[in-house]
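Letters A, B, ... mirror the listed sequences (proteins, then strands); counts begin at 1.
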Amino acid sequence: MEQHIRQALIAAAPDLFGAAINDTLIQFQQTRRDMEGDLTLVVFPFVKMLRCSPQEAGDKLKQWIESHIEGVSHCNVVSGFLNIVFTNAYWLEQLNQMQDQPNYGLAPANSKPTVMVEYASPNTNKPLHLGHLRNIFLGASVAEILRAVGHKVVRTQVINDRGIHICKSMLAWEKFSPVNARGERETPANTGLKGDKLVGKYYVEFDRALQIEAKAIMAQWQSGNFSDTPTAIEEAVLNFEKAKEGKDEKAIAALDDKIKELAKNQTAILHEAKEMLVKWEARDPQVYLLWTTMNGWVYAGFDQTYAQMGVSFDKLYYESDTFLLGKDQVMEGIKSDVFYQKPDGSVWIDLTADGLDEKLVLRSDGTAVYMTQDIGTAIDRFKDFPDLHGMVYTVGNEQDYHFKVLFLILQKLGYAWANNCFHLSYGMVDLPSGKMKSREGTVVDADDLMAEVIEKAKEMTQERGHLEGLDNAAREQLYTQIGLGGLKYYLLKVDPKKRMLFNPEESIDLTGNTGPFLQYAHARISTLLEKAAYVPTPLSLTTPMRPEEKEIIKQLALFGTTLEEAAKGYSPALLANYSYELVKLYNTFYQSVKIVIEPDADVRQFRLSLSAKVRQVLAQALGLLGVEAPQRM
RNA sequence: GGUCUCGUAGUUCAACGGAUAGAAUAAGCGUUUCCUAAACGUUUGAUCCAGGUUCGAUUCCUGGCGAGACCA
């Protein structure tokens with residue numbers, strides 16, 4: 001309708017205004033809830049051209065629209081806004097048309113180019129936590145949204161499976177794991193621990209041992225004993241100590257941290273870990289076997305977590321396979337003057353002309369930095385998927401600068417697709433107590449959290465749910481749907497870009513703007529339709545439509561554009577807000593009218609049809625958020 | 001020190017440059033002879049500060065204050 005009026009106005013402009021008009025002059029918006037109207041045209045842009053008051057311009061437009069646009073009942077002009085009211089017949093016809101579309105609002109599959117969405121990049125030395133949950137739910141939802149608007153989507157995960165941190169876990173396991181009667185160290189099998197938890201446990205063990213050693217070294221330094229310390233380090237320590245004089249508490253703490261860093265570097269255990277890394281890079285068979293084994297445990301653990309989360313991937317990338325990539329590209333880039341080499345052999349790119357600074361892309365010893373690797377990986381992915389058009393990286397906003405630089409480099413290297421790369425940057429998740437810190441034990445574990453919300457959902461559901469006739473398996477499934485649905489919705493309803501606060505109590509709320517609120521509406525409609533034995537038929541109405549009913553059709557009509565905006569803005573939050581609005585409107589309607597027990601057959605069928613469409617769109621929208629919609633609860 | 005984000009009811013979140021800045025939560029009151037009350041209705045409360053651009057600024061620009069991140 002909006003498009004229709006827009007085009008009609010443009011076509012009629014020479015007659016109506018005496019001049020052709022620009023498309024941007026015509027601005028529509030949703031009519032305020034407290035005004036009469038279904039669509040609002042902003043009059044101000046026309047005022048200058050028509051050289052009259054907003055009221056006069058509005059009246060002119062009102063008259064023209066009322067007499068020329070089919071489906072318009074009447075208009076009113078209020079302070080520069082032209083509110084257009086459509087006829088009941090128009091809205092009924094809208095609903096009729098929606099009825100016939102099982103995929104209402106969605107674009108045809110594969111009608112748009114292929115996009116890769118990367119939405120998890122875990123380290124294999126630590127279990128997943130709350131931050132990963134936001135990351136993964138967000139990326140998974142965006143992938144679904146892109147698919148819904150017609151893109152072909154490849155979902156991917158990059159696993160950070162190499163480097164010093166993995167070696168720390170491996171070393172600690174070898175050193176500290178108790179050995180059982182059969183001579184085995186701890187494994188997931190003989191402890192019953194999840195693999196990622198077991199490996200994470202040894203990562204913590206390593207850190208504990210490191211701290212103890214470091215403290216001992218610092219104590220020695222305090223007493224002036226530097227006999228085991230290289231002179232350069234000794235000087236650095238003494239300099240830091242000297243710098244502490246006369247400084248405030250904060251500065252002293254920072255300096256102490258630096259000294260502690262130095263001490264850690266002097267520990268035997270860190271040296272051992274570094275040696276292990278060197279062996280790993282040299283493909284030492286024993287180290288490699290240990291690495292493979294322990295990573296295997298972690299993957300099994302992650303798979304379990306992903307299964308619980310309800311997410312999956314089409315393609316996995318391992319950093320151990322890709323960390324050597326990118327060097328060739330850097331060499332090529334030197335030839336084409338994108339990069340330059342410093343006398344020490346390190347390679348850089350100068351981005352000062354683009355408002356950024358100089359960035360290292362290859363170390364002087366020829367080893368890769370993260371940027372090198374990311375350049376190589378990006379290029380590789382486009383080789384792996386020849387029809388790939390663009391890529392979305394779901395990564396926290398602390399990497400904003402990194403991706404800005406990465407995309408710029410790819411562009412300068414001459415890859416046209418660099419313009420289709422997008423950093424889906426999301427804000428950190430804070431706790432009421434502040435940031436999550438592993439050192440202070442405030443990290444919220446993903447598995448624990450999911451188990452907790454499901455348990456809570458179970459309690460609540462047993463208290464007030466409608467479970468008769470459901471067997472145990474179905475009940476457990478329902479608790480999971482509600483618990484996880486609530487958690488996902490809680491994390492996704494906030495604008496992804498924004499830093500958000502995670503309040504454990506609110507995340508399991510059932511009332512207000514929550515997942516269970518939406519799920520409840522879906523369940524209620526489901527049983528309603530079942531009771532009415534609803535079958536769609538063409539609709540007709542002889543009585544006037546109620547305002548509550550019209551509001552729902554209006555909201556339903558917005559589904560397609562909301563979905564498109566969500567895709568364009570990579571924002572599941574828009575769909576969450578949309579669903580919430582829809583359900584609020586529906587609940588108001590539900591409370592104020594009879595549906596199944598409505599005596600008038602036409603009205604009954606109309607209201608059932610409305611309910612059915614709300615249910616379908618709601619299920620669709622929730623599905624795009626990764627939230628399941630139960631039939632009853 | 002440089003760059004980048006963000007500042008909205010007590011709290012958590014909304015608002016393509018548009019009308020009287022919406023919700024939720026907390027608190028009170030009311031609604032089940034009728035389809036699931038995990039619902040609905042109702043009452044109170046906010047744009048960090050100072051300028052500028054505009055018919056119109058929470059939104060854009062400049063400066064300050066505050067929170068966070070990144071870079072060395």
Side-chain angles (χ1 to χ4, degrees), chain A residues 24 27-35 37 40-48 53-54 77-83 351 355-360 396-405 425-428 430 432 434-435 457 460-461 463-468 482 486 490 493-495 497-503 505-507 509-532 534 548 561 565 568-569 573-574 576-578 580-581 583-598 604 607-608 611 630-633:
Chain A
T24 56
Q27 294 171 21
F28 286 107
Q29 59 182 322
Q30 288 304 302
T31 305
R32 285 176 60 101
R33 281 271 144 72
D34 50 354
M35 308 294 284
T40 293
L41 179 66
V42 185
V43 176
F44 291 106
F46 296 94
V47 169
K48 258 187 195 166
S53 72
V77 182
V78 181
S79 58
F81 295 90
L82 176 69
N83 301 317
L351 298 171
L356 306 174
D357 49 17
E358 294 183 26
K359 193 83 191 170
L360 177 74
N397 64 9
E398 74 264 9
Q399 304 274 358
D400 282 355
Y401 189 76
H402 174 84
F403 281 101
K404 219 189 248 182
V405 172
S425 162
Y426 65 88
M428 297 291 110
D430 286 336
K435 283 187 71 172
M460 305 282 213
T461 305
E463 223 171 86
R464 61 188 102 185
H466 303 76
L467 298 168
E468 26 344 302
I482 296 172
Y490 183 84
K493 75 176 176 189
V494 181
D495 182 346
K497 290 192 286 292
K498 290 197 175 163
R499 162 181 280 268
M500 70 175 285
L501 187 94
F502 181 84
N503 186 328
E505 278 148 38
E506 282 176 18
S507 70
D509 266 355
L510 308 174
T511 58
N513 187 356
T514 64
F517 174 83
L518 303 183
Q519 290 174 315
Y520 179 75
H522 182 270
R524 199 160 64 167
I525 299 174
S526 296
T527 49
L528 182 87
L529 293 174
E530 205 177 305
K531 269 190 187 143
Y534 167 73
E548 299 96 318
T561 49
E565 278 168 26
K568 217 157 81 189
L574 295 181
N577 291 338
Y578 170 86
Y580 179 58
E581 280 303 317
V583 166
K584 273 206 301 186
L585 291 172
Y586 184 80
N587 282 347
T588 305
F589 157 77
Y590 181 92
Q591 296 290 343
S592 57
V593 302
K594 297 180 166 81
I595 302 172
V596 178
I597 48 180
E598 164 63 42
R604 179 176 187 269
R607 289 181 183 161
L608 284 171
S611 303
Q631 300 297 314
R632 51 188 291 187
M633 65 187 273

Assigned chi class of B:U32 under the 90° convention is syn
Mind checking the C1' distance from B:U59 to B:U53? Whole angstroms is fine. 13 Å
Sorted by chain and residue number, the ring pair (Phe, Tyr, Trp, His ring centres under 6.0 Å) partners of A:Phe502 (sequence neighbours excluded) come out as A:Tyr490
Polar atoms only, N or O, under 3.5 Å: list the protein pairs with nucleotides 41-44 of chain B and their distances.
residue: B:G41; atom: OP1; partner: A:Thr588; partner atom: OG1; Å: 3.3

Separation of B:C70 atom C1' from A:Met428 atom CE, nearest Å, is 11 Å
Between CG of A:Leu82 and P of B:A19 the distance, given in whole Å, is 16 Å
Here the gap from A:Phe28 atom CZ to A:Leu82 atom CG, rounded to the nearest 0.5 Å, amounts to 8.5 Å
For RNA chain B, the dot-bracket notation using Watson-Crick and G-U wobble pairs below 3.5 Å, [ ] for pseudoknot-type crossings and | for other-strand pairs, is (((((((..((((....[...)))).(((((.......)))))....(((((..]....)))))))))))).
* Would you say A:Arg632 and A:Glu530 make side-chain contact, with heavy atoms under 4.5 Å? -> no
Hits for side-chain contact (heavy atoms from CB on, under 4.5 Å) against A:Asp357, two or more places apart or cross-chain, chain-then-number order -> A:Tyr401
Practice task
For A:Phe44 and B:G18, say yes or no: do the ring centres fall under 5.5 Å of each other while the ring planes differ by less than 30°?
Solution key: yes
Point to revise | Atom P, compared across B:U58 and B:C49: separation rounded to whole Å | key: 11 Å
From CD of A:Glu548 across to C1' of B:A39 the rounded distance in Å is 15 Å
To the nearest angstrom, the CD-P distance between A:Gln30 and B:A19 comes to 14 Å
Between the protein and nucleotides 10-17 of chain B, list every N/O to N/O distance that falls short of 3.5 Å.
residue: B:C13; atom: OP1; partner: A:Leu501; partner atom: N; Å: 2.8
residue: B:A14; atom: OP1; partner: A:Asp495; partner atom: N; Å: 2.7
residue: B:A14; atom: OP2; partner: A:Lys498; partner atom: NZ; Å: 3.3

Contacts of A:Tyr520 meeting ring pair (Phe, Tyr, Trp, His ring centres under 6.0 Å) (sequence neighbours excluded), chain-then-number -> none
If you look at every strand shown and take non-hydrogen atoms under 4.0 Å, does A:Ser425 touch a base, only sugar-phosphate, or nothing?
nothing
Considering only the P atoms, how many Å lie between B:C13 and B:A19, rounded to the nearest integer?
24 Å
To the nearest angstrom, the CG-C1' distance between A:Asp357 and B:G1 comes to 13 Å
Can you check the distance between B:C65 and B:A23, where both ends of the measurement are the P atom (answer in whole Å)?
37 Å
ask   = With a non-hydrogen cut-off below 4.0 angstrom, is A:Met35 in contact with a base, only sugar-phosphate, or nothing?
value = base
With sequence neighbours left out, the residues meeting side-chain contact (heavy atoms from CB on, under 4.5 Å) with A:Gln29 are A:Thr40, A:Val42, A:Phe81
The side-chain contact (heavy atoms from CB on, under 4.5 Å) partners of A:Glu565 (sequence neighbours excluded) come to A:Leu574
What interatomic distance, in whole Å, is found between P of B:C40 and the corresponding atom of B:C4?
44 Å
Whole-Å distance, A:Asp34 CG to B:G22 P, equals 8 Å
- Message: I want to check something: taking the side chain as every heavy atom from C-beta on, are A:Phe589 and A:Ile595 in contact at a cut-off of under 4.5 Å?
- Response: yes
Phosphate OP1/OP2 of B:A69: any A:Lys435 side-chain N/O under 4.0 Å: yes
In B/S/- notation (B base, S sugar-phosphate only, - none; protein heavy atoms under 4.0 Å), nucleotides 28-37 of chain B written 5' to 3' is ------SBBS
Assign each of A:Asn397 and A:Ser79 the nucleotide of RNA chain B bearing its closest heavy atom; nearer the 5' end lies the nucleotide of A:Ser79
Discussion item. In whole Å, measure the gap between the P atoms of B:A46 and B:G22 for me.
Written reply: 12 Å
NZ (A:Lys493) and CG (A:Asp495) are apart, to the nearest 0.5 Å, by 13.5 Å
Say you pick atom P in B:A14 and the same atom in B:U8; how far apart are they, in whole Å? 11 Å
Checklist entry - Can you tell me if A:Asp509 uses its side chain to pair, donor with acceptor, with the backbone of A:Thr511 under 3.5 Å? => result no
Checklist entry - Can you find a heavy atom in the side chain of A:Leu41 that is under 4.5 Å from one in the side chain of A:Gln27? => result no
note: A:Tyr401, atom OH; B:G2, atom C1'; distance rounded to Å ~ 10 Å
Residues passing the side-chain hydrogen bond (donor to acceptor under 3.5 Å, both in side chains) test with A:Arg604, sequence neighbours excluded, are none
Rounded to the nearest 0.5 Å, the CE atom of A:Met35 sits from the CG atom of A:Asn83 at a distance of 5.0 Å
note: A:Leu41, atom CG; B:A19, atom P; distance rounded to Å ~ 15 Å
Residue set satisfying side-chain hydrogen bond (donor to acceptor under 3.5 Å, both in side chains) with A:Ser592, at least two apart, ordered chain then number -> A:Glu548
Exercise. Would you check if the side chain of A:Arg499 reaches a backbone N or O of A:Asp430 as a donor-acceptor pair within less than 3.5 Å?
Key: no
Residues at least two apart in sequence or cross-chain that pass ring pair (Phe, Tyr, Trp, His ring centres under 6.0 Å) with A:Phe46, listed by chain then number, are A:Phe17
Does B:A39 have OP1 or OP2 under 4.0 Å away from a side-chain N or O of A:Asn587? no
Does OP1 or OP2 of B:A19 have a side-chain N or O of A:Thr40 closer than 4.0 Å?
no
query: For atom C1', what is the distance between B:C60 and B:A24, given to the nearest Å?
result: 30 Å
